[in-house]
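Single-structure report; data block below.
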Amino acid sequence: MIRSIRKNVQKNKKKSMAMALVLGLSASLALTGCSNNDSASSDKKADAAFHKTGLPIVDKQVTLNIVSPKAALAPDYSKMVIFDRLQKATNVQIKWNNIPGDGYQEKKNLMLASGDLPDAFYASGFSDNDLVQNGQNGTIVPLEDLIDEYAPNLKKLFEQRPDLKKVVTAPDGHIYSLPRAEEMDLIGMPNIMFINKTWLDKLGLQMPTTLEEYHDVLKAFVEKDANGNGKKDEIGLTFWYNGWCGNEGDLIGLFGVPDASFEADHRIVRDGKVLYAAVQPEFKEAINYYNSWVKEGLIDPEVVTQKTEQLFAKGKTQDPTLGSFIWWENTEVVGTNRVKDYVVLPPLKGKDGKVVIGRSNYSEYGRDAFVITSANKNPEITMRWVDQLYEPKMSAQINWGPIGEIYEEDANGMLVNKELPAGVAMGELRQKVAPGGPFVVLKEHFGKVVDMEPRAKERLQILNQYYKPHMVQENYPSIFFSPEELEVINTIEPEIKAFVKQKEAQWLVEGGIEKEWDAYVKQLNDMGLDKLMKVYQKGLDRYNKQ
């Protein structure tokens, strides 16, 4: 098929036509048209017959050197079906340098420091500071002109989502990196509460609706031998302390300040004003209250030190021992054999009798998906290649996996999930077949371009039914700060985060917050909290004016 496409291009160079790549990608690389060899961008590309539109991108194969991290279970990207198909369609070969994720940042930084650069970094892992510093010193190149001329798929997405363009635009006006986006509307609320319905029924308890009723249920779980094994081994409640999901933020929110506690962030927004939740009086009251739960044995005493694998193990003990937990879905914690015992605990009424659910600051938009370096002699070819990944059907496959492995096409051309082989977990399979990186899947693509993953559908249904009606409207967006602002943030915030995380853990387990509170607030201000929050407020005000 690719050979015949090339033949047609040569036969009728002036004719504009839409085509789709088969070989498993089907219509995922829908094109705006094919161009003639006169579209070569410069003399250096003339011998490669560079095409500004259409496929192949070049008539004579061009090789790009690209560095990328990869998941633990992923093969080298040169062996991934999706990239093999892309190479055949574009005639652009990628020489991959895949680096295991846990060692990637160190090796990336060494490359940047030494000047031993690839043509591009895929799923770059560049921090905001990396992007600004390396953009302004010329190590990576501005992309806005390349996008305007060679990236019609991405340009269209920027028109559809101006906020996406805002996310990747640096304070100096340049775009140094490309975005990734997954508009599933899931990560804004990462804290679903589950409760053991089997234990409720066994003990004749009603589903709790208030914080005090929840307290009484947990107390019954741990004191009345809910699992019936004659041992005092029941855990009332566990969660992932300061985790990206399953964290304590909405427990604190029951006292009036839904906290964004992921990685000790604690930034919340009310009426356009940035507040630091961990110095609010409601935070103090909440931590003091939950310390009493720890003392009563209702909250897992290991909650502030456990890793996720330990949390998961507590849901899969030989005798059931877990009464309630917070996570983003249930099966991961308690397993398929026990999942029927647990149901969603509807949001509880807070201290003031209202139901208020917080919103995570974790964004569905990212800005570090792809950068092009100054060592690249073919930036136009590179931009054309990466723009193929932003075609909607292709983006879905980059994110979740290709046709034939994860998807098949229905009669309307929509990607639908194949049935997984027995014993295969979607999370593990996705690592092996989907590279992630530069992609954008918009909300309106679901049900038209791609069918949503079954477990995501289930979670979205839960959020729509129980949580979203009560969710606060504001959170702190993904803001691109200036070098001066980044210097303040990077100088002040790490120390503040470490201090707050340590004190919250100490007070939750050991108590003492009332006695130490004033000194704690004073120390945070001495560490520069006020200065830090002014930077965040300035950034938010600028973002809202864009």
Side-chain angles (χ1 to χ4, degrees), residues 16-21 25 27-35 39 41 51-55 57 86 90 120 122 124 128 131 135 140-185 187-188 363-372 379-399 413-415 436-450 452 477-480 540 542-546:
S16 177
M17 67 181 192
M19 67 178 87
L21 174 66
L25 289 185
S28 65
L29 294 182
L31 306 173
T32 57
C34 291
S35 68
S39 64
S41 63
H51 301 288
K52 188 175 178 180
T53 61
L55 290 182
I57 293 172
L86 189 61
T90 63
Y122 184 104
S124 73
D128 288 358
L131 292 172
I140 58 176
V141 301
L143 303 178
E144 58 271 14
D145 291 341
L146 290 167
I147 293 169
D148 188 58
E149 191 164 0
Y150 301 108
N153 290 315
L154 185 54
K155 274 184 68 176
K156 182 178 179 181
L157 290 164
F158 282 165
E159 291 166 3
Q160 292 173 294
R161 293 292 189 276
D163 278 355
L164 187 62
K165 186 174 182 179
K166 283 166 62 173
V167 162
V168 295
T169 302
D172 64 6
H174 288 302
I175 295 175
Y176 295 113
S177 59
L178 301 185
R180 58 115 181 111
E182 181 185 275
E183 290 186 345
M184 299 180 76
D185 206 14
I187 59 175
S363 177
E364 291 186 310
Y365 294 171
R367 57 173 153 259
D368 64 346
F370 195 84
V371 300
I372 297 176
E380 295 92 345
I381 292 173
T382 306
M383 182 57 70
R384 283 229 52 222
W385 179 86
V386 74
D387 187 58
Q388 308 306 309
L389 309 187
Y390 288 107
E391 191 280 324
K393 194 176 288 188
M394 185 61 167
S395 274
Q397 294 173 82
I398 288 292
N399 190 23
M414 185 176 77
L415 301 180
F439 68 88
V440 172
V441 182
L442 301 182
K443 189 174 184 178
E444 55 264 34
H445 292 162
F446 292 106
K448 293 181 179 179
V449 174
V450 61
M452 190 176 288
S478 180
I479 292 173
F480 212 143
L540 181 62
R542 181 175 65 244
Y543 180 90
N544 288 334
K545 290 177 182 177
Q546 285 179 320

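Nothing fancy with the numbering, it's 1 onward along the sequence.
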Could you go through Lys166 and Phe480, starting from their C-alpha distance and side-chain angles, then the distance that decides it, and tell me whether this counts as side-chain contact (heavy atoms from CB on, under 4.5 Å)? CA-CA 8 Å; Lys166 283 166 62 173; Phe480 212 143; over 6 Å; no
Pair Tyr390-Ile398, side-chain contact (heavy atoms from CB on, under 4.5 Å): steps then yes or no: CA-CA 9 Å; Tyr390 288 107; Ile398 288 292; over 6 Å; no
Quick one, Ser395 with Val441, criterion side-chain contact (heavy atoms from CB on, under 4.5 Å). Give me CA distance, side-chain angles, the key distance, then yes/no. CA-CA 6 Å; Ser395 274; Val441 182; 4.2 Å; yes
Evaluate the criterion side-chain contact (heavy atoms from CB on, under 4.5 Å) for residue pair Glu144 and His174; output intermediate values, then yes/no. CA-CA 7 Å; Glu144 58 271 14; His174 288 302; 2.4 Å; yes
Applying salt bridge (charged side-chain N to carboxylate O under 4.0 Å, His left out), run through Lys52 and Glu149 and close with a yes or a no. CA-CA 8 Å; Lys52 188 175 178 180; Glu149 191 164 0; 3.2 Å; yes
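In terms of heavy atoms, Leu164 sits closest to Pro179 at CD1-CB, 3.8 Å. Across all non-hydrogen atoms, the minimal contact from Gly437 to Arg180 is O-CB, 3.2 Å. Between Ala396 and Leu415, the closest heavy-atom pair is CB-CD1, 4.0 Å. The heavy-atom pair separating Ser177 from Val371 by the smallest distance is CB-CG1, 3.7 Å. Contact detail for Tyr176 and Leu131: the closest heavy-atom pair is CD1-O, 3.9 Å. Nearest heavy atom pair, residue Val167 against residue Ser478, reads CG2-O, 4.0 Å.
Looking at Glu380 and Arg384, their side chains never come closer than 4.5 Å, going by heavy atoms from C-beta outward. Side-chain contact between Arg367 and Asp128 is present, with at least one heavy-atom pair separated by less than 4.5 Å. Using a 4.5 Å heavy-atom cutoff, the side chains of Leu143 and Tyr150 are not in contact. Using a 4.5 Å heavy-atom threshold, the side chains of Leu55 and Gln388 count as touching. A heavy-atom distance below 4.5 Å is found between the side chains of Leu86 and Leu389. Under the 4.5 Å side-chain criterion, counting only non-hydrogen atoms from C-beta, Leu540 is in contact with Ile479. Side-chain contact between Asn153 and Met394 is absent, with no heavy-atom pair separated by less than 4.5 Å.
Counting only distance, with no hydrogens or angles, the side chain of Ser124 and the backbone of Asp368 share a donor-acceptor pair below 3.5 Å. Lys393 places no side-chain N or O within 3.5 Å of a backbone atom of Val449 that could act as its donor or acceptor partner. In this structure a side-chain-to-backbone donor-acceptor pair under 3.5 Å is present from Glu183 to Lys443. Remark: side-chain polar atoms of Glu364 are paired, donor with acceptor, to backbone N or O of Asp185 under 3.5 angstrom.
To the nearest 0.5 Å, the span separating CG on Leu442 from CD on Gln160 amounts to 5.5 Å. Remark: Asn399 CG to Gln397 CD distance equals 11.0 Å, nearest 0.5 Å. Atom CG of Asp145 sits about 9.5 Å away from atom CD1 of Ile175, to the nearest 0.5 Å. The NE2 atom of His51 lies 10.0 Å from the CD1 atom of Ile381; values are rounded to the nearest 0.5 Å.
Ring geometry, Tyr122 versus Phe370: the interplanar angle exceeds 60°, so the pair is classed perpendicular (tilted spans 30 to 60°).
Among Asp148, Val168, Thr169, the single residue meeting the side-chain contact (heavy atoms from CB on, under 4.5 Å) criterion with Phe158 is Val168.
The side chain to side chain contact (heavy atoms under 4.5 Å, CB included) check on Ala151 picks up Ile147, Leu154, Met383, Asp387, with sequence neighbours excluded.
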